[in-house]
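Dropping a structure here in structure tokens format, bear with me for questions.
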Amino acid sequence: MKKIQLISTDFTPKVLDKKKLFYLGAWCNNNNKIGDDKQVLKYVWFKRKILEKDYKYLSNIFNKLIKIIPVYLNNYHKKKYPIIFWQSMIWVWLSFYISSTFFRWKTIKEAILKNKKKKIKFVQIQFDSLICARDTHSYKNFMQESKIFNEYNFSKISNYFHKDIDIIKKKKFIKYNFYQKFQYSFIAQFFSIVKRTLNFVKINFIQNKTIVLQGFNIKNLIFLNLNRLSIPLFIDEIFPVKDIKLCKLSTQNISKRKKIKFKFKTNNSYEKYLLDSLIFDLPTCFLEDYNKIENETKKIQINTNLIISSVGHYFNDKYKTWLFLEKVLKKTKFIIKEHGGNHSISRHSAFFDYDRKVSDMFVPWSKHSSLPAEKFIGYNTENHESKNLLYAGFESDKYPSRIIPDITTINELDNIPNLLHLTKNLNKNILKKLVYCEKKVRDVRIINSIIKIIGKNKIRKKGTFIKELKKAKLVICDYPQTTYLECLVTCPTLIVVNSKNSWAPLKKYNKLYYLLEKNNMLFKDIKSATKFINKNWRHIEDWWNSKTIKEIKKKILKEFNIDTNVNGIKKWNKFVSNHTKL
């Protein structure tokens with residue numbers, strides 16, 4: 001019988017020769033070159049029907065666990081908090097947890113099925129203790145980026161396939177940094193000091209009611225507070241996120257977690273894995289560290305009757321502790337404003353409709369909302385230098401962590417093949433103007449691949465996207481989300497996207513996308529887009545400023561309730577006033 005070894009990450013020790021290695025995904029090599037396609041497992045959610053079926057299954061699992069875990073947490077802490085409090089706290093972590101663990105479980109299962117006529121070996125890394133994340137933010141980051149944390153999880157899951165694979169236990173635990181501190185520029189640190197000073201003055205000397213506004217840009221934040229004869233409260237400095245951490249559970253911690261009963265009926269090996277592992281994978285912020293966090297938040301004297309949040313309620317568990325104690329126990333009104341242009345079903349599906357479930361009100365970027373998208377109020381649409389062809393590419397995380405009908409792996413990305421085509425087929429005078437810039441670099445392999453295609457000098461630094469946008473004559477976006485809308489209000493913009501595989505648009509936008517495609521604002525292949533650019537580059541502004549294109553732009557902006565007029569903040573001011581009077 002032929003032998004094969006499953007490789008789960010680039011940290012996996014190899015016990016067989018290269019030809020007998022079978023990789024669980026494209027993430028297994030930092031250079032994105034791992035040999036023959038036959039040696040690499042295809043992304044298990046590549047087919048939309050399979051993804052939709054698995055989503056329904058995970059949704060049922062989620063709905064079961066979101067009711068069980070809060071009872072466990074109340075028992076563990078000897079509290080009687082309403083179930084909705086703990087649900088609000090753990091919701092995002094649990095969303096990531098069941099999606100990421102099920103993906104890894106299914107990946108091993110599919111690899112076994114693909115190699116069922118072979119003797120399969122799996123090297124299981126032996127760690128010196130049980131490991132869990134400190135908080136939601138840490139779990140997300142380490143699961144998406146860390147080969148060690150992924151190796152740890154693949155090794156744990158492999159135990160549930162011991163009948164199908166030959167497990168080889170091996171100690172290869174090197175000294176690994178379970179702690180990562182974020183680096184901030186001097187300017188960011190300076191403004192951090194300024195904001196902390198203003199917070200001190202606000203909390204200790206200004207006694208009027210505070211409106212807590214998280215996720216608002218600085219100009220709008222100041223305006224809304226000055227209208228109330230107050231200064232802003234910078235919530236990101238009261239509950240700062242400066243690092244991420246994995247924790248080793250002590251024998252005492254493990255024993256205490258075991259004492260409280262945690263049971264549910266299991267139907268397969270994945271659910272058995274959840275039953276055995278979930279209680280040890282819960283972040284310490286919900287268990288060992290919770291009382292300390294709660295006591296610290298209670299010391300913060302913020303007198304408020306309205307909290308509006310945008311992103312902090314997802315991953316900042318200290319902020320969430322304060323927020324949901326206010327909302328659930330003190331009945332403080334909590335409103336969530338959408339933080340981006342939601343073209344697809346992924347945002348709410350990824351978190352099982354979290355925003356709408358835990359808030360008193362959800363304010364979407366939608367024409368049906370009475371409030372304009374706050375991000376674009378007073379947005380500077382001036383384009384100072386119309387010279388470059390800017391490629392604004394979408395970038396996936398290294399390790400898949402969410403079950404969403406969108407791009408989640410490097411294999412599905414359009415930016416690398418698109419840029420390769422552009423370098424070979426753009427007119428030389430246009431190619432000279434080509435630059436690449438994305439707002440957030442998530443996987444260094446993507447940048448390394450792009451460097452080989454267009455050269456390092458054409459890749460702009462992280463954090464310079466808006467600056468580069470002001471220099472663009474034309475922008476190519478390969479993913480229609482918030483970045484696309486930022487480009488649209490600034491300069492001529494094309495979308496080049498494969499609608500079948502790259503993203504799942506909401507059905508209500510189908511007519512709009514058809515209109516975009518009909519008028520050369522959207523292309524389903526890079527070849528057609530390149531021909532259009534070569535033909536129209538010199539007079540691209542004439543096309544963009546034509547009556548037809550202007551009308552389409554208006555429809556798009558109306559659809560997402562985008563108004564760059566500075567007076568739009570007055571609607572938010574009235575909204576805040578109405579809700580603070582209630």
Taking only residues two or more places apart in sequence or in another chain, which ones pass ring-ring contact (aromatic ring centres under 6.0 Å, His included) with Phe182? His137

Are Tyr72 and Phe286 close enough that their ring centers fall under 6.0 Å? no

Tell me, please, which residues at least two apart from Leu16 pass side chain to side chain contact (heavy atoms under 4.5 Å, CB included). Lys3, Gln5, Lys20, Leu21, Lys121

Are more than 12 heavy atoms, taken from residues, nucleotides or ligands other than Lys14, located less than 6.0 Å from that residue's NZ atom? yes

Okay, side chain of Trp365, backbone of Glu338: is any donor-acceptor separation there less than 3.5 Å? yes

Check whether Asn316 reaches the backbone of Phe239 with its side chain - one donor and one acceptor, N or O, closer than 3.5 Å. yes

Taking the six-membered ring for Trp, are Trp91 and Phe62 ring centroids under 6.0 Å apart? yes

Residue list, side-chain hydrogen bond (donor to acceptor under 3.5 Å, both in side chains) with Asp525, at least two apart or on another chain: Ser528

Contact list for residues 309-319, test salt bridge (charged side-chain N to carboxylate O under 4.0 Å, His left out), sequence neighbours left out: Asp317-Lys320

Under the side chain to side chain contact (heavy atoms under 4.5 Å, CB included) rule, collect the residues that match up with Ser155, sequence neighbours excluded. Phe122, Gln124, Ile125, Glu151

Could you go through the side-chain contact (heavy atoms from CB on, under 4.5 Å) check for Lys114 and Glu110 one step at a time? CA-CA 6 Å; Lys114 194 171 180 66; Glu110 291 297 316; over 6 Å; no

Find the distance between CD1 (Ile69) and CG (Asn74) and round it off to the nearest 0.5 Å. 13.0 Å

With a 3.5 Å cut-off and no angle check, do the side chains of Asp10 and Tyr23 form a donor-acceptor pair? no

Looking at Phe154 versus Phe149, is the centre-to-centre ring distance below 6.0 Å? no

Cation-pi between Lys357 and Phe352: NZ/CZ under 6.0 Å from ring centre and within 45° of the ring axis? no

Has the side chain of Asp135 got a donor or acceptor atom that lies under 3.5 Å from a matching backbone atom of Ser138? yes

Is there a donor-acceptor contact under 3.5 Å from the side chain of Ser250 to the main chain of Asn253? yes

For the student: nearest non-hydrogen atoms of Gly393 and Tyr436, plus distance: CA-OH, 3.8 Å

Ion pair Arg402/Asp397, N-O distance below 4.0 Å: no

For Trp93 and Phe96, I'd like to know if the aromatic rings sit close, meaning centre-to-centre distance below 6.0 Å. no

Sidechain-backbone polar pair: Asp353 side chain, Arg356 backbone, donor-acceptor under 3.5 Å: no

Filter on salt bridge (charged side-chain N to carboxylate O under 4.0 Å, His left out), then keep only pairs touching residues 52-70, sequence neighbours left out; what's left? Asp54-Lys106

Any side-chain heavy atom of Leu41 sitting closer than 4.5 Å to one from Thr107? yes

Polar side-chain atom of Asn268 near backbone of Tyr270 as donor-acceptor pair, under 3.5 Å: yes

For Ser277, check side-chain hydrogen bond (donor to acceptor under 3.5 Å, both in side chains) against everything at least two apart and list the hits. none

With no hydrogens and no angle check, just 3.5 Å: does a side-chain donor-acceptor pair link Tyr273 and Thr266? no

Residues forming a side chain to side chain contact (heavy atoms under 4.5 Å, CB included) with Ser359, sequence neighbours excluded: Phe334, Ile336, Phe362

Do the side chain of Gln39 and the main chain of Phe22 share a donor and acceptor less than 3.5 angstrom apart? no

Step through the shown structure and confirm whether more than 12 heavy atoms of other residues, nucleotides or ligands are within 6.0 Å of OH on Tyr179. yes

Quick one: are the ring centres of Trp45 and Phe103 less than 6.0 Å apart? yes

Are His313 and Tyr354 close enough, and set up right, to give a side-chain contact (heavy atoms from CB on, under 4.5 Å), and what steps lead you there? CA-CA 10 Å; His313 62 283; Tyr354 174 66; 3.4 Å; yes

Is the Tyr290 to Tyr76 ring centre distance short of 6.0 Å? no

Between Ile148 and Phe127, does a side-chain contact (heavy atoms from CB on, under 4.5 Å) hold up when you go through it step by step? CA-CA 10 Å; Ile148 301 293; Phe127 289 80; 3.8 Å; yes

Quick one: does Ile293's side chain get under 4.5 Å of Cys285's, heavy atoms only? yes

Without swapping roles, check the side chain of Arg134 against the backbone of Leu246 for a donor-acceptor pair under 3.5 Å. no

By side-chain hydrogen bond (donor to acceptor under 3.5 Å, both in side chains) - contacts of Thr332 (at least two apart): Glu326

Any side-chain donor-acceptor pair under 3.5 Å between Asn415 and Tyr479? no

4.5 Å side-chain heavy-atom contact, Ile416 and Ile453: yes

Verify the distance criterion only: is there a donor paired with an acceptor across the side chains of Ser401 and Tyr139 at less than 3.5 Å? no

With sequence neighbours left out, what residues match Ser99 under side-chain hydrogen bond (donor to acceptor under 3.5 Å, both in side chains)? none

Interatomic distance, CG@Leu73 vs CD1@Ile90, rounded to 0.5 Å, equals 6.0 Å

Show me the pairs that pass salt bridge (charged side-chain N to carboxylate O under 4.0 Å, His left out) and involve residues 272-285, at least two apart or across chains. Lys156-Asp281, Lys272-Asp276

Before you tell me yes or no, could you show the steps for Phe142 and Tyr152 under side-chain contact (heavy atoms from CB on, under 4.5 Å), namely the whole-Å CA-CA distance, both residues' side-chain angles and the distance that decides it to 0.1 Å? CA-CA 11 Å; Phe142 277 106; Tyr152 172 76; over 6 Å; no

Indicate whether the side chain of Trp27 and that of Thr9 have a donor and an acceptor atom separated by less than 3.5 Å. no

Which residues pass the side chain to side chain contact (heavy atoms under 4.5 Å, CB included) test with Ile254, not counting sequence neighbours? Leu130, Leu249, Lys258, Phe280

If the threshold is 4.0 Å, N to carboxylate O, is there a salt bridge linking Glu486 and Lys375? yes

